[in-house]
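To keep things clear, I will list the structure first and then write my remarks on it.
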Amino acid sequence: MFLDRDGTLVEEVPYLHDPAELALLPGVAAALAALGAAGYALVVATNQAGVARGYYDEAAVARVHRRLRALLAAGGARPDAVVYCPHHPDGTVAAYAGACRCRKPGPGMLEAAAERLGLDLRASYLIGNHPSDVGAALAAGATPLFVTTGRAAGRRPPVGAAAFPSLAAAAAAVLQGWREPGPPRP
């Protein structure tokens, strides 16, 4: 189970880099604990353009992710991996400026985590609240689940994605045997 971070797991804060500003959305820890108990690997995959734009550094990302892991652990959830892309085509920090495969909607983060953890992308889901999450899932061969939380509140899902009102609802559907509509994927 691949998971977007901002607006999906946590309150959407522009360029979140202060761990004190990180707050889980309702039901997230319990939903992830249930997915983990059911045998799903949990991988947080997030674009962090603020690094490329010079708003904060990778150490700030690491501090936020430590806080995220602590909050999730307090609710019984333990991600198997937290991965991020620090790049952006319009970045101002030379080392991170430019296009890459890891930035969603590219599949690079998902592919790297799947290889590292021995995951089958075609049997995986990505839950996210942005069209780039749907694009990354489709590019990697995973099933996209669109949640209408954060900036996606009130929006229709992108083509190719089922919509749910929250991560908890998407997780519950998967745990109850939900399958994507339409013909099976090859």
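Predicted model only: the values in this text are computed from it and were never measured. In this chain, residues are counted from 1 in sequence order.
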**Report entry** Exercise: identify the closest heavy-atom pair between Asp4 and Gly128
**Finding:** CB-CA, 3.7 Å
Query raised in the report: Can you tell if the side chain of Val147 reaches within under 4.5 Å of the side chain of Ile127, non-hydrogen atoms only?
Result: yes
**Report entry** Nearest atoms (heavy-atom pairs only) where Pro107 meets Arg101
**Finding:** CG-NH2, 3.3 Å
Query raised in the report: Taking all non-hydrogen atoms of both residues, which atom of Ala140 and which atom of Leu110 are closest, and how far apart?
Result: CB-CD2, 3.9 Å
Query raised in the report: Is the closest side-chain heavy-atom distance between Pro144 and Asp133 below 4.5 Å?
Result: no
Query raised in the report: Can a donor-acceptor pair be found between the side chains of Arg151 and His130 at a distance below 3.5 Å?
Result: no
**Report entry** Closest contact, heavy atoms only, Phe146 versus Ala152
**Finding:** CZ-CB, 3.6 Å
Requested in this report: Could you state whether Tyr96 and Tyr55 fall into the same hydrophobic cluster, counting links through intermediate Ile, Leu, Val, Met, Phe, Trp or Tyr residues with side-chain heavy atoms under 4.5 angstrom apart?
Outcome: yes
Query raised in the report: Taking the side chain from His17 and the backbone from Tyr15, do they hold a donor-acceptor pair closer than 3.5 Å?
Result: yes
Report summary line: Heavy-atom closest pair (Val174 atom, Met1 atom, distance to 0.1 Å) is CG1-CE, 4.0 Å
Query raised in the report: Do Thr148 side-chain atoms and Arg155 backbone N/O form a donor-acceptor pair below 3.5 Å?
Result: no
Requested in this report: Could you grab the distance from atom CG of Leu3 to atom OG1 of Thr8, nearest 0.5 Å is fine?
Outcome: 8.0 Å
Could you give the side-chain donor-acceptor pairs of residues 24-48 under 3.5 Å, partners two or more places apart or in another chain?
residue : atom : partner : partner atom : Å
Thr46   : OG1  : Gln48   : NE2          : 2.8
Asn47   : OD1  : Lys104  : N            : 2.9
Asn47   : ND2  : Lys104  : O            : 3.1
Gln48   : OE1  : Arg5    : NH2          : 3.4
Gln48   : OE1  : Tyr56   : OH           : 2.7

Query raised in the report: Shared ILVMFWY cluster between Leu16 and Val61, side chains joined below 4.5 angstrom?
Result: no
Query raised in the report: Going hydrophobic residue to hydrophobic residue with side-chain gaps under 4.5 angstrom, can you get from Tyr84 over to Val93?
Result: yes
Report task. Work out which heavy atom in Ala52 is nearest to a heavy atom in His88; give both atom names and the distance. Result -> CB-N, 3.5 Å
Query raised in the report: Is any side-chain heavy atom of Leu167 less than 4.5 Å from a side-chain heavy atom of Leu9?
Result: yes
Query - Value rounded to 0.5 Å, distance of CZ in Arg67 from CG in Leu72 - result: 10.5 Å
Query raised in the report: Does Phe2 belong to the same Ile/Leu/Val/Met/Phe/Trp/Tyr cluster as Leu138, with side-chain heavy atoms less than 4.5 Å apart forming each link?
Result: no
Query raised in the report: Are any of the side-chain heavy atoms of Pro89 and Arg103 separated by less than 4.5 Å?
Result: yes
